[in-house]
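Following: one structure in structure tokens, then a few remarks.
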Amino acid sequence: MYQVGPAAYYSIDVECVATGTDHHSRAVGQIALVDQYEQVILDIVVKPDKPVVSYLTALTGLTQDIIESKGVALANAVQQLRSCLPADAVLVGQNILQDVQWLGLKEGTDFKSCLDLAGLYRVWNPRYSSYSVFSQDHLVKALLGWDLENSQHNAALDALKSIKLFNLYQQLQRDEQAWQQAQERMLNAPPTLSFARTNPSYEGVCMGNRKTCTCGAAFFS
């Protein structure tokens, strides 16, 4: 993408590994930062300070070898992230507040504000008389035409997906007809099931789907 000035928008994505079998037992395993011009600014592997029960490889793309050979301490990784992230940056992403919390970033200090793609792309669904909210993968397939069959998640790739979706959203908001067509594609596309939906438990670790939870731990949101 052609760069016309300093980036104002950035996407952060975090991949986590499991440090226990319940759906709350997670630790940061990878952090990526991508700017609005779709350039990967930071892609860093993190070595948890707790023993890893599962690297959740089918979901994260992370393995023991990757973590052991490339991983750095979380504090080191976050320090590198802060050095790359302007204080006036607007962060965008799918459920971006969760990533911000994982990293201990503070709004107004480390960044200016957040925009959640789940909210930007919500669509009124007349069939149910309520808003429909879509996963990142559903949006990427329906709006960008990406084939995600058998693809693993990766922090850098997921951050790139987010910034591409945000750039598209900005374009769509300038064209009412195009925005209407995009909403129809989101509603009419076959649903994209999440990893947790298709894998209630992976390598003995609960994946935290409310309907199929296997660990009995509480849900807070």
Side-chain angles (χ1 to χ4, degrees), residues 11-34 40 42-81 91 93-105 116-118 133-141 146-162 165 191-221:
S11 177
I12 288 177
D13 191 82
V14 174
E15 294 293 339
C16 289
V17 297
T19 56
T21 56
D22 68 86
H23 57 249
H24 294 306
S25 297
R26 300 291 188 268
V28 176
Q30 186 186 15
I31 304 167
L33 176 70
V34 176
V40 178
L42 182 73
D43 182 4
I44 190 166
V45 176
V46 177
K47 185 175 182 178
D49 58 7
K50 295 181 179 179
V52 176
V53 171
S54 172
Y55 294 90
L56 307 178
T57 304
L59 175 64
T60 66
L62 296 171
T63 64
Q64 181 177 3
D65 181 61
I66 291 173
I67 295 286
E68 293 294 335
S69 63
K70 299 181 179 180
V72 302
L74 178 60
N76 184 323
V78 173
Q79 183 179 22
Q80 292 186 54
L81 174 65
L91 300 182
Q94 191 80 6
N95 299 320
I96 186 66
L97 284 178
Q98 179 64 68
D99 294 316
V100 167
Q101 291 170 4
W102 276 118
L103 302 174
L105 300 179
D116 195 329
L117 292 174
V133 178
F134 307 98
S135 70
Q136 183 190 61
D137 283 350
H138 182 86
L139 296 174
V140 166
K141 289 172 67 175
W146 285 24
D147 182 4
L148 301 176
E149 191 71 27
N150 300 318
S151 66
Q152 291 178 331
H153 283 250
N154 169 284
L157 179 59
D158 284 351
L160 179 61
K161 291 176 187 174
S162 288
L165 286 169
T192 303
L193 299 180
S194 68
F195 185 87
R197 183 75 176 271
T198 56
N199 298 270
S201 177
Y202 178 81
E203 295 184 345
V205 176
C206 177
M207 298 309 298
N209 181 277
R210 286 179 179 272
K211 295 182 178 180
T212 57
C213 173
T214 61
C215 71
F219 290 89
F220 300 111
S221 62

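All residue numbers refer to positions in the sequence shown, counting from 1. From a predicted model like this one, the values you see are computed outputs, not experimental measurements.
Taking both residues in full, the closest heavy atoms of I96 and I12 are given as CD1-O, 3.6 Å, listed atom of the first, atom of the second, then distance. In this structure, L56 and M207 approach most closely via the heavy-atom pair CD2-SD, 4.1 Å. The two residues V46 and A77 make their nearest non-hydrogen contact at CG2-CB, 3.7 Å. In terms of heavy atoms, D99 sits closest to D13 at OD2-CA, 4.1 Å. Taking each heavy atom of W146 and K141 in turn, the nearest pair found is O-CG, 3.4 Å. For A27 against P48, the heavy-atom pair with the smallest separation is CB-CB, 3.8 Å.
In this structure, F219 CZ and N209 CG are separated by 7.0 Å, a value rounded to the nearest 0.5 Å. The CG atom of D49 sits 9.0 Å away from the OG1 atom of T19 when rounded to the nearest 0.5 Å. Atom CD of Q94 sits about 11.0 Å away from atom NE2 of H138, to the nearest 0.5 Å. N154 contributes atom CG, which lies 9.0 Å from atom NZ of K161 (distance to the nearest 0.5 angstrom). Taken from CG in L59 to CD in E15, the straight-line distance is 6.0 Å, to the nearest 0.5 Å.
Here the side chain of T21 pairs no donor or acceptor atom with the backbone of G204 at under 3.5 angstrom. Judged purely by atom type and a 3.5 angstrom limit, H23 uses its side chain to pair as donor or acceptor with the backbone of A218. Distance alone, capped at 3.5 Å, is enough to place a donor-acceptor pair between the S69 side chain and the D65 backbone. With hydrogens and angles ignored, the 3.5 Å screen pairs no side-chain donor or acceptor of E203 with any backbone N or O of S54. Between the D116 side chain and the N95 main chain, a donor and an acceptor come within less than 3.5 Å of each other. A distance-only check finds no donor-acceptor pair linking the side chain of N199 to the backbone of S201 [under 3.5 Å]. Remark: side-chain polar atoms of T60 are paired, donor with acceptor, to backbone N or O of Y55 under 3.5 angstrom.
Between V40 and L160 there is no side-chain heavy-atom pair separated by less than 4.5 Å. V14 has its side chain within reach of L103: a pair of non-hydrogen atoms, C-beta onward, lies under 4.5 Å apart.
Evaluation of the ring-ring contact (aromatic ring centres under 6.0 Å, His included) rule for F195 yields Y202 as partners, not counting sequence neighbours. Under the side-chain contact (heavy atoms from CB on, under 4.5 Å) criterion, S162 pairs with S11, L117, Q136, not counting sequence neighbours.
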request  = Could you walk me through whether I44 and Q80 pass the side chain to side chain contact (heavy atoms under 4.5 Å, CB included) test, one step at a time?
outcome  = CA-CA 9 Å; I44 190 166; Q80 292 186 54; 3.2 Å; yes
request  = Would you sort out whether L33 and L81 count as a side chain to side chain contact (heavy atoms under 4.5 Å, CB included), showing the intermediate values?
outcome  = CA-CA 8 Å; L33 176 70; L81 174 65; 3.9 Å; yes
task = Walk me through it: do C206 and C213 pass the test side chain to side chain contact (heavy atoms under 4.5 Å, CB included)?
result = CA-CA 6 Å; C206 177; C213 173; 3.7 Å; yes
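Within the structure, every pair that satisfies the salt bridge (Lys or Arg N to Asp or Glu O under 4.0 Å) test and touches residues 66-77, not counting sequence neighbours, is listed here: K47-E68.
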